[in-house]
Amino acid sequence: MPQAAFPAIRHRRLRASRALRNLVREHELSVNDLIWPIFVRDGTGIEEPISSMPGVYRRSVDKIVEAAREAASLGIPAICLFPYTDASLKTETCEEAWNPDNLSNRAIRAIRDAGLDIAIMTDVALDPYNSNGHDGIVRDGVIVNDDTVEALVKMALAQAAAGADIIGPSDMMDGRIGAIRTALEAEGHQNVTIMSYAAKFASAYYGPFRDAVGASGALKGDKLTYQIDPANRRAALACVERDLMEGADMVMVKPGLPYLDMVREVKDRFGAPTYAYQVSGEYAMIAAAAANGWVDGDKVMVESMMSFRRAGCDGVLTYFAPRLAQILNG
Ligand code: PBG
């Protein structure tokens, strides 16, 4: 065959103008894909910066309502609450977790009372309330599965009663999705949804978050006996399958960008609504580089969102949500 004197296939034809690029664009970003994680603390009128997460604050309940109002006005469909719990409320039995008037439940009620058009997601795990910083109850140095699940059920029911729309178990105990689903049904919360942190890996990227919720000082040891080994792909898929069978409505892969292979595989295999969590360490890396002028922060956050969409995410939990919403709203 004679060699052609020109490239046989010119992919660049479709990149030659803005109009053509837009015409062939495969994925679009939307503010509808954003879930904004926010940190609640006690007090009033407080917005306290978190040093390892520049631009992220711990807010008192009144300020949380303001933030939720802003999010709703930007069109962000959901916020996710994480409480910074005072050390005096942390115990080995973690009963503050299911106190109907704990910080998180007070914040849920306050947002509900404000009548905002925004879904409220919660975190179900004992770490903010545990004197040893673990997601589960520790007995003789062991994280006890089944007793923890009982505690998580009480916690989820208190959140549902306060008005949560999406229950987010992030603890990685076995059987918690089924137990929470059964309890929600029994208590009249049939329409409360569950987003399972199903493929949650034991990650060093959670570091800044543990500062933000005040768990890093308390945490003894690591979370390797319950969170998934980053080396394990099939184990993560098995957890997703199990959580869907037990009644999860949505599933999450966490962390985000370093685990996009898992997102693609979960979406292809199960088809369920699939989310990724661009976690605190991912946020911190981008925010730090942007603050130094080493990368263009806005462009990198938009590009990272596009990566999530391309990998098959239906939505992303990201601390960049308000900024992204501003950019996407033009
Ligand atoms: C607690 C929880 C963690 C995150 C969400 N829920 C930390 C952990 O598992 O240690 C991490 C979120 C982030 O890093 O942004 N169960």
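The side-chain contact (heavy atoms from CB on, under 4.5 Å) search around A183 returns V153, L157, not counting sequence neighbours. Residues meeting the side chain to side chain donor-acceptor pair (under 3.5 Å) test with S170, sequence neighbours left out: D123. In this view, D62 and S60 satisfy the side chain to side chain donor-acceptor pair (under 3.5 Å) rule, not counting sequence neighbours. Take R176 and apply the side chain to side chain donor-acceptor pair (under 3.5 Å) test, not counting sequence neighbours, and it matches D171, D243. Every side-chain contact (heavy atoms from CB on, under 4.5 Å) that Y226 has, sequence neighbours left out, goes to H134, D135, I143, M172, M173, K223. With sequence neighbours excluded, the residues satisfying side-chain contact (heavy atoms from CB on, under 4.5 Å) with D229 are A231, N232. In this structure D296 satisfies the side-chain contact (heavy atoms from CB on, under 4.5 Å) test together with D298, K299, sequence neighbours excluded. Under the salt bridge (charged side-chain N to carboxylate O under 4.0 Å, His left out) criterion, D140 pairs with no residue, sequence neighbours left out.
Side-chain heavy atoms closer than 4.5 Å link hydrophobic residues (I, L, V, M, F, W, Y) into clusters, and following such links, even through other members, never connects Y84 to L317. Cluster membership for Y277 and L29, using ILVMFWY side-chain heavy atoms within less than 4.5 angstrom, is shared. Placement of V144 and W98 in two distinct hydrophobic clusters is found when ILVMFWY residues are connected by side-chain heavy-atom separations under 4.5 Å, directly or transitively. With hydrophobic clusters built from ILVMFWY side chains whose heavy atoms lie under 4.5 angstrom apart, L116 shares a cluster with W36.
Around atom CZ of F320, more than 12 heavy atoms belonging to other residues, nucleotides or ligands sit under 6.0 Å away. Within 6.0 Å of CD on E48 lie more than 12 heavy atoms contributed by other residues, nucleotides or ligands. More than 12 heavy atoms of other residues, nucleotides or ligands sit less than 6.0 Å from atom CG of N329. A 6.0 Å sphere centred on CD of E26 holds no more than 12 heavy atoms belonging to other residues, nucleotides or ligands. At most 12 non-hydrogen atoms from other residues, nucleotides or ligands lie less than 6.0 angstrom from CD of E303.
Under the 4.5 Å side-chain criterion, counting only non-hydrogen atoms from C-beta, V40 is not in contact with F82. Looking at I180 and V124, their side chains come closer than 4.5 Å, going by heavy atoms from C-beta outward. Using a 4.5 Å heavy-atom cutoff, the side chains of M305 and V316 are in contact. Residues I118 and I79 form a side-chain contact, since some pair of their non-hydrogen atoms from C-beta on lies under 4.5 Å apart. Inter-residue side-chain proximity for F308 and Y275 is flagged as unmet; no heavy-atom pair is nearer than 4.5 Å. Between L34 and V31, some side-chain heavy-atom pair lies under the 4.5 Å cut-off. Side-chain contact check for T122 versus I108: some heavy-atom pair is nearer than 4.5 Å. L74 has its side chain within reach of P322: a pair of non-hydrogen atoms, C-beta onward, lies under 4.5 Å apart.
Looking at every heavy atom in both residues, A198 comes nearest to C239 through O-CB, 3.4 Å. What you find for R112 and A162 is that their closest heavy atoms are CG-O, 4.1 Å. The shortest heavy-atom contact between Y197 and C80 is OH-SG, 4.4 Å. Nearest heavy-atom pair, D42 versus L103, reported as atom, atom and distance to 0.1 Å: N-CD2, 3.8 Å. Residues A119 and D165 come closest through the heavy atom pair CA-OD2, 3.4 Å. Taking each heavy atom of A107 and V61 in turn, the nearest pair found is CA-CG1, 4.0 Å.
Checked by atom type and distance alone, the side chain of D127 never pairs as donor or acceptor with a backbone atom of G133 at under 3.5 Å. No side-chain donor-acceptor contact under 3.5 Å links T93 to the backbone of E95. Judged by distance alone, with hydrogens and angles left aside, the side-chain atoms of T274 form a donor-acceptor pair with the main-chain N or O of A272 at under 3.5 Å.
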Would you list the atom pairs, donor with acceptor, under 3.5 Å between side chains in residues 15-25 and any protein atom, with sequence neighbours excluded?
unit_1	atom_1	unit_2	atom_2	d
S17	OG	L20	N	3.1
R21	NH1	R15	O	2.9

Report all side-chain donor-acceptor pairs from residues 248-263 shorter than 3.5 Å, counting only partners two or more places apart or in another chain.
unit_1	atom_1	unit_2	atom_2	d
D249	OD1	R181	NH2	3.4
D249	OD2	R181	NH2	2.6
D249	OD2	I194	N	2.7

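Other cluster members for I46: none, since no ILVMFWY side-chain heavy atom sits under 4.5 Å from it. L89 belongs to no multi-residue hydrophobic cluster, having no ILVMFWY side-chain contact under 4.5 Å with any other such residue.
Rounded to the nearest 0.5 angstrom, I167 CD1 and L152 CG are separated by 11.5 Å. Note that OG1 of T85 and OH of Y129 are 4.5 Å apart. Values are rounded to the nearest 0.5 Å. We find the OH-OG distance between Y206 and S203 to be 5.0 Å, quoted to the nearest 0.5 Å. Put simply, OH on Y319 and CD on E282 are 10.0 Å apart, with the number rounded to the nearest 0.5 Å. Between I177 atom CD1 and E246 atom CD the span is 7.0 Å, to the nearest 0.5 Å. In this structure, OG1 in T148 is found 8.0 Å from CZ in R139, a value given to the nearest 0.5 Å.
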Go through the steps to decide whether Y283 and V56 satisfy the test side chain to side chain contact (heavy atoms under 4.5 Å, CB included), and finish with yes or no.
CA-CA 10 Å; Y283 173 89; V56 176; 3.6 Å; yes
How far apart are the C-alpha atoms of K90 and N130, what are their side-chain angles, what is the distance that settles it, and do they pass the side chain to side chain contact (heavy atoms under 4.5 Å, CB included) test?
CA-CA 5 Å; K90 297 178 196 246; N130 207 339; over 6 Å; no
Test log, rule side chain to side chain contact (heavy atoms under 4.5 Å, CB included), inputs Q227 and D222:
CA-CA 9 Å; Q227 299 178 348; D222 54 49; over 6 Å; no
Side chain to side chain contact (heavy atoms under 4.5 Å, CB included) between I64 and I111, intermediate numbers included
CA-CA 8 Å; I64 286 284; I111 298 165; 3.7 Å; yes
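Taking the charged nitrogens against the carboxylate oxygens, R58 and D211 have no contact shorter than 4.0 Å, which rules out a salt bridge. E66 and R69 are not joined by a salt bridge, as no carboxylate oxygen comes within less than 4.0 angstrom of a charged side-chain nitrogen. Under 4.0 Å is where a charged nitrogen must lie from a carboxylate oxygen, and between R309 and D314 no such pair does. A salt bridge is absent between R41 and D86; no separation between the charged side-chain nitrogens and carboxylate oxygens falls under 4.0 Å. Salt-bridge annotation for D268 and R264: present, with a side-chain N of the basic residue lying under 4.0 Å from a carboxylate O of the acidic one.
Judged by distance alone, the side chains of N99 and D101 never bring a donor and an acceptor atom under 3.5 Å apart.
A centroid separation of less than 6.0 Å is found between the aromatic rings of F39 and F209.
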